[in-house]
Amino acid sequence: MDRGRATAWALALAGLIPFVGCAAMVALGGPGADAWLGALIAYGAVILSFLGGTRWGAALANGSPDPVTLTLSNLPALVAWAALLPLEMPGSLRLGLLAAGLALMWLWDRRRPPAWYPALRATATVGALVSLGLAVVVSA
């Protein structure tokens, strides 16, 4: 495995630590559980926005960016922002928005080059979705 691929995998797996760690802290309950839930929602929003940014950057690198791709690559940040709005909204709805956004980004990325990237994205997405799902179940 080349160094770039190995680094991408290492960073993607390390990126799951906040998902798993925050979800575990929510599952443990206690007085800090709501704060950990907030941290999980915030991290999920950051990652969803990041994934949209990767699409934006890839489109620009093409030299002649597709307007549809540029437009769609902004939607993840808007979904993430909606999950963070200071409105009366249950945590489960916020987590659901983020989970839907991450799942849709995976669907978009599942055939994206290089050839090894879809497996990386599938692994990272499953880890994130399991973590968000656990938080939904235990915080309900």
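Just the heavy atoms: all of them, side chains too, but no hydrogens, waters or symmetry mates, feed the values below. From a predicted model like this one, the values you see are computed outputs, not experimental measurements.
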Participant: Under 4.5 Å between side-chain heavy atoms, counting indirect links through other Ile/Leu/Val/Met/Phe/Trp/Tyr residues: same cluster for Leu13 and Leu120 or not?
Facilitator: yes
Participant: Step by step, would you call Ser131 with Tyr43 a side-chain contact (heavy atoms from CB on, under 4.5 Å)?
Facilitator: CA-CA 12 Å; Ser131 298; Tyr43 186 68; over 6 Å; no
Participant: Could you report the tightest heavy-atom contact between Ile47 and Leu102, atom names first, then the distance?
Facilitator: CG2-CD2, 4.2 Å
Participant: May I ask you to decide if Gly52's main-chain N or O and Arg55's side chain share a donor-acceptor pair within less than 3.5 Å?
Facilitator: no
Participant: About how many Å separate CG of Leu132 and OG of Ser92, when rounded to the nearest 0.5 Å?
Facilitator: 12.0 Å
Participant: Restricting to non-hydrogen atoms, name the atom on Ala82 and the atom on Met89 that form the minimum distance, rounded to 0.1 Å.
Facilitator: O-CE, 3.5 Å
Participant: Treat each ILVMFWY residue as a node, draw an edge where side-chain heavy atoms are under 4.5 Å apart, and state whether Trp108 and Leu78 are in one component.
Facilitator: yes
Participant: Does a sphere of radius 6.0 Å around CH2 in Trp81 hold more than 12 heavy atoms from other residues, nucleotides or ligands, not counting ones at 6.0 Å or beyond?
Facilitator: no
Participant: Return the CG to OG distance between Asn74 and Ser49, rounded to the nearest 0.5 Å.
Facilitator: 10.0 Å
Participant: Got Val138 and Leu28 here, is their nearest side-chain heavy-atom distance under 4.5 Å?
Facilitator: no
Participant: Just by distance, do the side chain of Thr125 and the backbone of Ala122 share a donor-acceptor pair under 3.5 Å?
Facilitator: no
Participant: Between Ala83 and Ile41, which heavy-atom pair has the shortest distance, and what is it?
Facilitator: O-CG2, 3.9 Å
Participant: Would you say that Val26 contacts Asp34 through its side chain, given a criterion of any heavy-atom pair below 4.5 Å between the two side chains?
Facilitator: no
Participant: Nearest heavy-atom pair of Leu16 and Thr123: which atoms, and what distance?
Facilitator: CD1-O, 4.2 Å
Participant: Distance check, rounded to the nearest 0.5 Å: Ser73 atom OG versus Met105 atom CE?
Facilitator: 8.0 Å
Participant: Of the non-hydrogen atoms in Trp36 and Met25, which two are nearest, and what is the gap between them?
Facilitator: CG-CB, 3.3 Å
Participant: Are Leu98 and Leu84 joined in one hydrophobic group, where the rule is that I, L, V, M, F, W and Y side chains link up if heavy atoms are under 4.5 Å apart?
Facilitator: yes
Participant: Test of understanding: clusters of I, L, V, M, F, W, Y form through side-chain heavy atoms closer than 4.5 Å, transitively. Do Tyr117 and Phe50 belong to the same one?
Facilitator: yes
Participant: Cluster question for you: counting only ILVMFWY and a side-chain heavy-atom cut-off of under 4.5 Å, with indirect links fine, are Val79 and Trp106 together?
Facilitator: no
Participant: Donor-acceptor pair, Asn62 side chain versus Pro65 backbone, under 3.5 Å?
Facilitator: no
Participant: Between Arg110 (side chain only) and Ala119 (backbone N and O only), is there a donor and an acceptor less than 3.5 Å apart?
Facilitator: no
Participant: Spell out, as yes or no, whether a donor-acceptor pair under 3.5 Å connects the side chain of Asp66 to the backbone of Thr69.
Facilitator: yes
Participant: Tell me whether Arg112 is salt-bridged to Asp109, with the criterion being a basic N under 4.0 Å from an acidic carboxylate O.
Facilitator: yes
Participant: Distance check, rounded to the nearest 0.5 Å: Leu37 atom CG versus Arg94 atom CZ?
Facilitator: 9.0 Å
Participant: Which heavy atom in Leu40 sits nearest to a heavy atom in Pro18, and how many Å separate them?
Facilitator: CD1-O, 4.5 Å
